[in-house]
Enquirer: 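Structure provided below as structure tokens; questions to follow.
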Amino acid sequence: MSKSLRIKGLFLGKADNILIEKCKRGDTNSFEILVLKYQRRIFNLIFRLTNEPDIVEDIAQEVFLRAYNAINDFKGKSSFSTWIYRITVNTCFNYIKSKRRHQYKNLETNEPLEKYTLISNNLTDTELLIERHELSKKIKEAIGSLNREQRTIFVLRDVEGLSYEEIGKILNCPSGTVRSRLFRARRELRTKLENYIKV
Amino acid sequence: MKCKNFQELISAFIDNELNLRETLRLKRHIKSCEHCREELKIIGKIQNECQNEGLSWVAPQPSEEFSSTLMNIIHNLPAHQKERNPFFLNKPLFIIRDWFISLMRRPIITFSLSGATLALLIGLMVFSGIQKDKLQTVYELKQKDTTLLAEKDINYYINEYAINASETPSVFREGIIESVTYQPSR
């Protein structure tokens, strides 16, 4: 890691509200610290919403540029992470709409799973490994068949671990709506996966 | 309550998003309903597997140049996009702006303010109209007979007739001329 990044790393612990106030006064270094702090999470969210590793960096750049231009409008009513997640989700939606994609891309490709980093890969038994691979493929297909809103809520809740209230702020809808959409998404996943998952 | 009404509660229960009342109602139902107990197990298992699958989707790492490239773009933005208010103006301006916006969101206040502004404008117009007539009267009187009309006479009678401002300008004017003609100067 370069020296400048290491030095900036020391400031990553600074509270977001202090950095944001400095950004509002025109301090671009504070904005860079925010970028370093959130880039990993934004990259992951974009990838999980679009499943296109090639355009993640481009979309992330657009997200941060939008955040920079709109920083004066950030009132602090929600956390900065919620606010930038909202920008990210809207930017991804715009991208998906512009490409007229409603399905999860690369579902039918024969790309090996190794392209996507597996966190846990301790299986040694070959049959279990193959079974696991098949199950993973089925789960990916099932998630891909969800509509855009359901998939976004699934990613924000089950993968990012956000609460219903936070998801509601990101998607600009009541938490009751989040609850019912998530329930419908899980009902669909259940229909598609109940024969493959042993209870 | 039928089982299908508890399905959504089961989903929210897995996320720990039920309030106390809903939790107790669901737990009470599950104790006596095997179907919902099975449903809870299945939904829980599927949610767990999907979550593990989702967590395995990890994006490529941001390159070291990502932030520096982004900051270069920001530094090269046109001036009006980079402009930020100076600190001493920033907060007060935003406070005033936000107060005004919140005020305009209340229809009663907006309507009252508009009505008051309109009434004030109309009042100013009428008042200036009366003042204009008064000035015109004094001018005409002066033109008529400068020997007869002393400044103090004119002011005296204008002040006296100003009490009856509701009279029409022509009556007001005639009253002044009549009074000046028959009253000696003081």
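Chain letters run A, B, ... following the sequence lines, proteins first, then strands; residues in each count from 1.
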Enquirer: At under 4.5 Å between heavy atoms, what parts of residues 164-172 of chain A are in contact with chain B? List them by residue number.
Expert: Tyr164(A)
Enquirer: Can you list the residues that meet the salt bridge (charged side-chain N to carboxylate O under 4.0 Å, His left out) rule with Lys27(B), with sequence neighbours excluded?
Expert: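 Expected list: none.
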Enquirer: Is there a path of hydrophobic side-chain contacts, each under 4.5 Å between heavy atoms, that joins Leu113(B) and Leu121(B)?
Expert: no
Enquirer: Output yes when a side-chain donor or acceptor of Asp158(A) lies under 3.5 Å from a complementary backbone atom of Gln51(B), and no otherwise.
Expert: no
Enquirer: Flag the pair Val35(A) / Phe66(B) as yes when at least one side-chain heavy-atom distance between them is below 4.5 Å, and no otherwise.
Expert: yes
Enquirer: For the hydrophobic clusters of this structure (ILVMFWY residues joined by side-chain heavy atoms under 4.5 Å, transitively), does one cluster hold both Phe183(A) and Ile10(B)?
Expert: no
Enquirer: Among Phe154(A), Phe43(A), Phe31(A), which residue forms the greatest number of heavy-atom pairs with chain B at distances under 4.5 Å?
Expert: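 It is Phe43(A).
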Enquirer: Report the C-alpha separation of Gln61(A) and Thr69(B) in whole Å, then their side-chain angles, then the decisive distance to 0.1 Å, and conclude whether the side chain to side chain contact (heavy atoms under 4.5 Å, CB included) test is met.
Expert: CA-CA 9 Å; Gln61(A) 195 174 83; Thr69(B) 309; 4.1 Å; yes
Enquirer: What part of Ile73(B) gets within 4.5 angstrom of chain A, counting heavy atoms only: side chain, backbone, both, or neither?
Expert: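 Side chain of Ile73(B) only, per the 4.5 Å heavy-atom cut-off to chain A.
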Enquirer: Run the numbers on Leu193(A) and Cys50(B) for side chain to side chain contact (heavy atoms under 4.5 Å, CB included), then give the verdict.
Expert: CA-CA 10 Å; Leu193(A) 296 172; Cys50(B) 290; 3.9 Å; yes
Enquirer: So among Asn44(A), Ile143(A), Leu49(A), Asn51(A), which one has a side chain to side chain contact (heavy atoms under 4.5 Å, CB included) with Trp57(B)?
Expert: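 The side chain to side chain contact (heavy atoms under 4.5 Å, CB included) with Trp57(B) is passed solely by Ile143(A) among Asn44(A), Ile143(A), Leu49(A), Asn51(A).
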Enquirer: Identify which of Leu45(A), Val155(A), Thr28(A) forms the greatest number of heavy-atom pairs closer than 4.5 Å to chain B.
Expert: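 Heavy-atom pairs under 4.5 Å are most numerous for Thr28(A).
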Enquirer: Could you give the distance from CG (Leu70(B)) to CG (Leu36(A)), rounded to the nearest 0.5 Å?
Expert: 10.0 Å
Enquirer: Just jot down the salt bridge (charged side-chain N to carboxylate O under 4.0 Å, His left out) partners of Arg179(A), sequence neighbours excluded, or say none.
Expert: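 Testing Arg179(A) for salt bridge (charged side-chain N to carboxylate O under 4.0 Å, His left out), a comparison that skips the adjacent residues, returns Glu8(B), Glu22(B).
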Enquirer: Provide the closest heavy-atom pair for Ser63(B) versus Glu57(A) in the form atom of the first, atom of the second, distance.
Expert: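 Of all heavy-atom pairs spanning Ser63(B) and Glu57(A), the closest is OG-OE2, 3.5 Å.
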Enquirer: As a test of understanding, state which of Arg186(A), Arg190(A), Arg184(A), Arg187(A) forms a side-chain hydrogen bond (donor to acceptor under 3.5 Å, both in side chains) with Ser11(B).
Expert: Arg186(A)
Enquirer: Is it true that atom CD1 of Ile108(B) has more than 12 heavy atoms of other residues, nucleotides or ligands lying nearer than 6.0 Å?
Expert: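 Not buried by this count: 12 neighbours or fewer within 6.0 Å.
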Enquirer: Measure Ser180(A) against the heavy atoms of chain B and call it side chain, backbone, both or neither at under 4.5 Å.
Expert: both
Enquirer: For chain B, find which of Arg40(A), Glu160(A), Gln39(A) contributes the most heavy-atom pairs closer than 4.5 angstrom.
Expert: Arg40(A)
Enquirer: State which residues pass salt bridge (charged side-chain N to carboxylate O under 4.0 Å, His left out) with Arg66(A); sequence neighbours excluded, sorted by chain then number.
Expert: Glu62(A)
Enquirer: Do you know which of Asn48(B), Ile46(B), Asn52(B) has the most heavy-atom pairs under 4.5 Å to chain A?
Expert: Ile46(B)
Enquirer: Could you grab the distance from atom CE of Met71(B) to atom CZ of Phe64(A), nearest 0.5 Å is fine?
Expert: 11.0 Å
Enquirer: Can you measure from OG (Ser163(A)) to CG (Asn16(B)) and round to the nearest 0.5 angstrom?
Expert: 11.0 Å
Enquirer: So which part of Leu135(A) gets closer than 4.5 Å to some heavy atom of chain B, the side chain, the backbone, both or neither?
Expert: side chain
Enquirer: Does a side-chain N-to-carboxylate-O contact under 4.0 Å join Arg132(A) and Glu49(B)?
Expert: yes
